[in-house]
Amino acid sequence: EMKLFTVLFSYVLLLGLYTPPSLSDSPPLQDVCPMAPRGERKLFMNGYICKHPSTILASDFKTLLLNHAGKLDNMVRSSANIITAAEFPGLNTLGMSMARTDIDSYGIVLPHSHPRASEMMFVHDGSVLAGFFDTTGKLFQKRLCEGDVFIFPRGLVHFIMNYGLRLATTFSVLNSQNPGVVGITHAMFAPDSDVVEGLVARMMKFREMEIPDNKTTDFPWTY
């Protein structure tokens with residue numbers, strides 16, 4: 001019996017170690033998903049239902065939603081437009097979304113994070129200052145020019161600001177069809193509050209900072 005137990009235990013252990021990745025849970029595509037009571041259960045998928053193959057068109061894979069700049073007449077003088085599978089059907093199940101960001105001179109995209117995606121940003125026009133904070137509070141910041149690419153790791157707080165005197169435009173790809181956006185300031189304060197205005201003014205001091213690679217820095221929050 002002991003020999004049989006040993007064989008069975010070894011089999012279960014090996015099965016647990018070598019379970020194919022396809023059998024693991026898929027990453028969530030929404031913030032929360034509590035189980036519905038039995039009487040309320042209806043069809044609700046972690047994503048979107050696919051079209052029937054016979055109805056798929058080439059137009060499903062084209063979008064014009066990133067063709068034009070957004071409105072810049074706001075306190076932060078910037079606009080960010082994220083396109084997900086909800087707006088662009090061809091993205092469904094591909095695990096990606098796209099974004100366009102336009103930043104006027106002395107404009108800024110306030111600190112935020114994407115809980116379900118990393119972001120790869122390409123500078124199309126102008127120059128920007130981009131940075132993110134790791135979980136120890138270390139700042140990674142670089143000035144980027146046309147053609148440069150910068151990565152914002154998944155879930156980390158990051159920001160972008162215009163580093164030049166003309167409009168800057170960036171395009172991004174995020175590795176989730178629903179990356180989510182957590183605005184650090186807008187989650188707690190009104191967009192036109194004195195707190196947000198003060199944060200914008202303080203963050204502009206980042207423009208004056210030159211940070212060598214792999215070096216920590218004191219932040220200008222209390223300057």
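In this chain, numbering begins with 1 at the start of the sequence shown. The shown structure was predicted, so the numbers you read here are calculated from the model rather than taken from an experiment.
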What pairs of donor and acceptor atoms, side-chain ones from residues 85-100 against any protein atom, are under 3.5 angstrom apart with sequence neighbours left out?
| unit_1 | atom_1 | unit_2 | atom_2 | d |
| --- | --- | --- | --- | --- |
| Glu87 | OE1 | Thr84 | N | 2.7 |
| Glu87 | OE1 | Thr84 | OG1 | 2.9 |
| Asn92 | OD1 | Gln177 | NE2 | 3.1 |
| Asn92 | ND2 | Tyr48 | O | 2.9 |
| Ser97 | OG | Ser176 | O | 2.9 |
| Arg100 | NE | Asp102 | OD1 | 3.2 |
| Arg100 | NE | Asp102 | OD2 | 3.0 |
| Arg100 | NH1 | Leu66 | O | 2.9 |
| Arg100 | NH1 | Asn67 | O | 3.1 |
| Arg100 | NH2 | Asp102 | OD1 | 3.2 |

Side chains of Val109 and Thr101 in contact at under 4.5 Å (non-hydrogen atoms): yes
Interatomic distance, His112 atom NE2 to Phe152 atom CZ [nearest 0.5 angstrom]: 7.0 Å
Which atom of Ser127 lies closest to which atom of Asn162, heavy atoms considered: O-OD1, 3.4 Å
Qualifying side chain to side chain donor-acceptor pair (under 3.5 Å) pairs with a residue from residues 70-80, counting only residues at least two apart or across chains: Arg77-Asp104
Exercise: identify the closest heavy-atom pair between Asn175 and Ala117: OD1-CA, 3.3 Å
Side-chain donor/acceptor of His52 to backbone N/O of Ser54, under 3.5 Å: yes
ILVMFWY clustering at 4.5 Å (side-chain atoms), partners of Leu64: none
All side chain to side chain donor-acceptor pair (under 3.5 Å) counterparts of Ser172, not counting sequence neighbours: Glu119
Members besides Ile151 in its Ile/Leu/Val/Met/Phe/Trp/Tyr cluster (side-chain heavy atoms under 4.5 Å): Met120, Phe122, Val149
ILVMFWY network linking Leu174 to Phe150, side-chain heavy atoms under 4.5 angstrom: no
Any residue meeting side chain to side chain contact (heavy atoms under 4.5 Å, CB included) with Asp125, in chain and number order, not counting sequence neighbours: Glu146, Arg166, Thr169
Flag side-chain contact, heavy atom, 4.5 Å: Phe171 against Met121: no
Whichever hydrophobic residues join Leu72 through chains of side-chain contacts under 4.5 Å: Leu167
Those residues that, when tested against Thr136, pass side chain to side chain donor-acceptor pair (under 3.5 Å) (two or more places apart): Asp134
Sequence-distant partners of Val123, side chain to side chain contact (heavy atoms under 4.5 Å, CB included), two or more places apart: Val128, Leu144, Thr170
Pairing residues for His68 by the side chain to side chain contact (heavy atoms under 4.5 Å, CB included) criterion, not counting sequence neighbours: none
Residue pairs involving residues 47-69 (criterion salt bridge (Lys or Arg N to Asp or Glu O under 4.0 Å); sequence neighbours excluded): Lys51-Asp60
Other cluster members, Ile82 - Ile/Leu/Val/Met/Phe/Trp/Tyr, side-chain contacts below 4.5 Å: Val181
Smallest separation among heavy atoms of Phe132 and Phe159, with atom names: N-CE2, 4.4 Å
Working for side-chain contact (heavy atoms from CB on, under 4.5 Å), residues Ile103 and Ile160: CA-CA 9 Å; Ile103 313 174; Ile160 317 166; 3.6 Å; yes
